[in-house]
Asker: 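I have a structure I would like to understand better, so I am pasting it below and will then ask my questions one at a time.
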Amino acid sequence: MDDKPVNGRSGWKQDPAGVRNNILAVAMAEFAANGLSGARIDDISAKTNTSKRMIYYYFGDKERLYGRVLEEAYREVRAGEQELELDHLPPVEALKLLAEFTFDHHSRHPDFIRIVMIENIHHGAYLERSELIRLLNAGAIQKLEAICRRGREIGLFRDDVTPLQLHWHISAMSFFNVSNSATFSRIFGTDLFRADGQEALKKQMVEMVVGLALKPERRLRC
């Protein structure tokens, strides 16, 4: 039986959390590259620091491993949002920072985008099974609700633009920037995907989102 040691010893006994994290990182790349149907436990095992037996021990089977990878992908982006400490910022600055973070996170984590694309191919079936993902993403909307509430209280933000709509716009532009980069660049060239092009797109996205949230009479002042 495949029983590959970790760092030359039975490392899973000394560091089970490290072994699980290693499996999830490798599995993320494999699922992102090959999809749920194309990824193979044998290939994942070969690239980890542990054995196929330990993958089954920790995660049960390929579908449950995929579900955990999906949860980890969402956990990471939401954890990054938590670190922003937006509650202490003025609402416009908080919204800008959140939009910038989302754009940068998605650019730096193309596997997150691919995993979400794959889950859409499966019509969100595995995501729907996860209570954790629902809680994580509810927290994302709650952050925007707090920003919008503070913005409305001081007369800056519109009443008819919802936090969910703002989340959609931020996610849509940040997601498309990665998901369609290959086709877009082959059709129209790579200018927008160079460093200066990406900075310009991020700035424009932030301006559009903030402009949407602000009352019309407040846009020129901010």
Side-chain angles (χ1 to χ4, degrees), residues 16-41 44 48 54-87 94-95 97-149 161-181 205 209:
V19 172
R20 286 194 296 269
N21 289 338
N22 173 243
I23 293 169
L24 287 171
V26 172
M28 170 83 77
E30 287 295 306
F31 285 127
N34 301 299
L36 174 57
S37 60
R40 298 174 65 246
I41 293 293
I44 294 170
T48 66
M54 295 312 300
I55 294 175
Y56 286 120
Y57 175 80
Y58 284 121
F59 298 102
D61 57 28
K62 186 171 77 167
E63 287 196 353
R64 278 181 280 184
L65 176 58
Y66 168 79
R68 280 289 293 112
V69 164
L70 192 63
E71 289 178 340
E72 180 61 20
Y74 277 102
R75 186 206 62 76
E76 185 175 4
V77 64
R78 301 308 170 217
E81 291 169 353
Q82 289 291 335
E83 293 174 3
L84 298 176
E85 298 184 353
L86 302 174
D87 294 342
L95 184 56
L97 187 59
L98 181 60
E100 289 170 347
F101 165 80
T102 304
F103 188 94
D104 288 339
H105 173 275
H106 290 7
S107 295
R108 291 194 301 265
H109 298 86
D111 281 355
F112 170 75
I113 303 301
R114 295 186 186 107
I115 287 288
V116 175
M117 291 169 68
I118 288 163
E119 182 58 13
N120 274 280
I121 291 172
H122 293 284
H123 306 287
Y126 294 88
L127 184 150
E128 190 174 25
R129 300 174 190 176
S130 173
E131 180 65 22
L132 176 60
I133 292 177
R134 282 193 291 274
L135 291 172
L136 288 170
N137 288 317
I141 301 304
Q142 289 165 4
K143 278 198 167 296
L144 273 168
E145 285 174 344
I147 293 170
C148 289
R149 182 174 60 253
V161 175
T162 70
L164 186 59
Q165 290 168 341
L166 291 175
H167 180 72
W168 188 94
H169 287 290
I170 294 169
S171 297
M173 287 184 276
S174 300
F175 194 96
F176 181 92
N177 182 57
V178 180
S179 68
N180 286 50
S181 61
M205 183 272 281
V209 169

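Positions are given from 1 along the sequence.
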Asker: Mark yes or no for whether Glu119, through its side chain, and Tyr126, through its backbone, hold a donor-acceptor pair below 3.5 Å.
Answerer: yes
Asker: Check whether any side-chain heavy atom of Leu65 sits under 4.5 Å from a side-chain heavy atom of Ile44, and report yes or no.
Answerer: yes
Asker: Do Tyr74 and Val116 have side chains that approach each other closer than 4.5 Å (heavy atoms only, starting at C-beta)?
Answerer: yes
Asker: Between Leu70 and Ser130, is a side-chain contact (heavy atoms from CB on, under 4.5 Å) present by the stated rule, with each step listed?
Answerer: CA-CA 9 Å; Leu70 192 63; Ser130 173; over 6 Å; no
Asker: Check step by step if side-chain contact (heavy atoms from CB on, under 4.5 Å) holds for Tyr56 and Ile41.
Answerer: CA-CA 9 Å; Tyr56 286 120; Ile41 293 293; 3.8 Å; yes
Asker: Using every non-hydrogen atom in the two residues, find where Glu81 and Ala140 come nearest and quote the distance to one decimal.
Answerer: OE1-CB, 3.8 Å
Asker: Find out whether Met205 and Thr102 are in side-chain contact, i.e. whether some heavy atom of one side chain is under 4.5 Å from a heavy atom of the other.
Answerer: no
Asker: Arg20 and Phe59: side-chain contact (heavy atoms from CB on, under 4.5 Å), yes or no, with the steps?
Answerer: CA-CA 9 Å; Arg20 286 194 296 269; Phe59 298 102; 4.3 Å; yes
Asker: Would you mind reporting whether Tyr66 and Glu30 have side-chain heavy atoms less than 4.5 Å apart?
Answerer: no
Asker: Taking the side chain as C-beta and beyond, is there a heavy-atom pair between Arg68 and Leu24 under 4.5 Å?
Answerer: yes
Asker: Say whether, by atom type as modelled, one donor and one acceptor occur between the side chain of His105 and the main chain of Phe101 under 3.5 angstrom.
Answerer: no
Asker: Please tell me if the side chains of Phe112 and Glu76 come closer than 4.5 Å, counting only heavy atoms from C-beta onward.
Answerer: no
Asker: Just wondering, do Leu86 and Leu95 contact through their side chains at under 4.5 Å, heavy atoms?
Answerer: no
Asker: At their closest point, which heavy atom of Asn177 faces which heavy atom of Ser107, and how far apart are they?
Answerer: ND2-OG, 3.4 Å
Asker: Under 3.5 Å, side chain of Asn21 to main-chain N/O of Ala17, donor-acceptor pair present?
Answerer: yes
